[in-house]
Amino acid sequence: MSQDPNCIFCKIVAGQIPSKKIHEDEELLAFQDIRPTAPVHFLIIPKLHLASLAEAGPEHERLLGRMLTLAPRLAQQQGADNGFRTVINTGPDGGQEVYHLHVHVMGGPRPWKQG
Ligand code: AMP
Ligand code: ZN
């Protein structure tokens with residue numbers, strides 16, 4: 001399924017829920033995390049609904065590569081010019097709350113909140 005009507009991030013992709021977008025292209029969307037744990041904290045998601053990294057297969061390799069290579073460019077644009085952290089929470093024990101694949105990008109001067 002390309003979109004899940006009950007998924008909050010699919011609703012953001014569809015424009016049904018507002019978000020502070022920082023990047024959009026045909027395949028990807030990046031927007032500010034609503035509860036930032038660092039001075040810079042945004043999420044990169046595929047527009048395609050993929051519940052988690054555990055559901056990713058060889059057909060998603062290009063998409064995953066694009067998500068990761070977008071991270072440093074947006075981090076720089078957002079002012080994280082001294083490094084950043086990338087996190088992908090997967091499944092219950094991975095602490096995943098939203099089941100639509102997303103990469104957290106966190107940066108900015110420390111200290112940061114506990115995420
Ligand atoms: P996790 O699934 O644990 O990797 O975390 C989900 C992240 O999504 C959390 O950092 C939330 O603050 C963030 N989040 C949840 N709802 C929204 C929303 N409507 N807009 C932006 N960020 C959100
Ligand atoms: Zn979704």
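Both counts, for ligands and for their atoms, begin at 1 and track the order of listing.
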Participant: Output the rest of the hydrophobic cluster of M106: all Ile, Leu, Val, Met, Phe, Trp and Tyr residues reachable through side-chain heavy-atom contacts under 4.5 Å, sorted by chain and number.
Facilitator: V87, W112
Participant: Name the one of E26, E24, E27 that satisfies side chain to side chain donor-acceptor pair (under 3.5 Å) with K47?
Facilitator: E24
Participant: Taking transitive links into account, so neighbours of neighbours count too, which hydrophobic residues share a cluster with F9 at under 4.5 Å side-chain distance?
Facilitator: I8, I12, V13, I17, L29, F31, L43, I45, V98
Participant: Counting only N and O atoms by type, is there a donor-acceptor contact under 3.5 Å from the side chain of Q76 to the main-chain atoms of R73?
Facilitator: no
Participant: Inspect the surroundings of CG in N82 and state if more than 12 heavy atoms from other residues, nucleotides or ligands are less than 6.0 Å away.
Facilitator: no
Participant: Distance from L63 atom CG to L101 atom CG, nearest 0.5 Å?
Facilitator: 7.5 Å
Participant: Can you check whether A56's main-chain N or O pairs, donor with acceptor, with H60's side chain at less than 3.5 Å?
Facilitator: no
Participant: Any heavy-atom pair between the side chains of R35 and H41 that's under 4.5 Å?
Facilitator: no
Participant: Could you please tell me which protein N, O or S atoms lie under 2.8 Å from the Zn ion (ligand 2)?
Facilitator: C7 SG, C10 SG, H49 ND1, H100 ND1
Participant: Distances under 3.5 Å, N/O of ligand 1 against N/O of the protein: list each pair and its distance.
Facilitator:
from: ligand 1; atom 1: 2 (O); to: E97; atom 2: N; distance (Å): 2.6
from: ligand 1; atom 1: 2 (O); to: V98; atom 2: N; distance (Å): 2.9
from: ligand 1; atom 1: 2 (O); to: H102; atom 2: NE2; distance (Å): 3.1
from: ligand 1; atom 1: 3 (O); to: N89; atom 2: ND2; distance (Å): 3.4
from: ligand 1; atom 1: 3 (O); to: G95; atom 2: O; distance (Å): 2.8
from: ligand 1; atom 1: 3 (O); to: E97; atom 2: N; distance (Å): 3.2
from: ligand 1; atom 1: 4 (O); to: N89; atom 2: ND2; distance (Å): 2.9
from: ligand 1; atom 1: 4 (O); to: H102; atom 2: NE2; distance (Å): 2.6
from: ligand 1; atom 1: 4 (O); to: H104; atom 2: NE2; distance (Å): 2.7
from: ligand 1; atom 1: 10 (O); to: D33; atom 2: OD1; distance (Å): 3.2
from: ligand 1; atom 1: 10 (O); to: D33; atom 2: OD2; distance (Å): 2.6
from: ligand 1; atom 1: 12 (O); to: D33; atom 2: OD1; distance (Å): 2.5
from: ligand 1; atom 1: 22 (N); to: I34; atom 2: N; distance (Å): 3.1

Participant: Report yes if the distance between the aromatic ring centroids of H100 and H102 is under 6.0 Å, otherwise no.
Facilitator: no
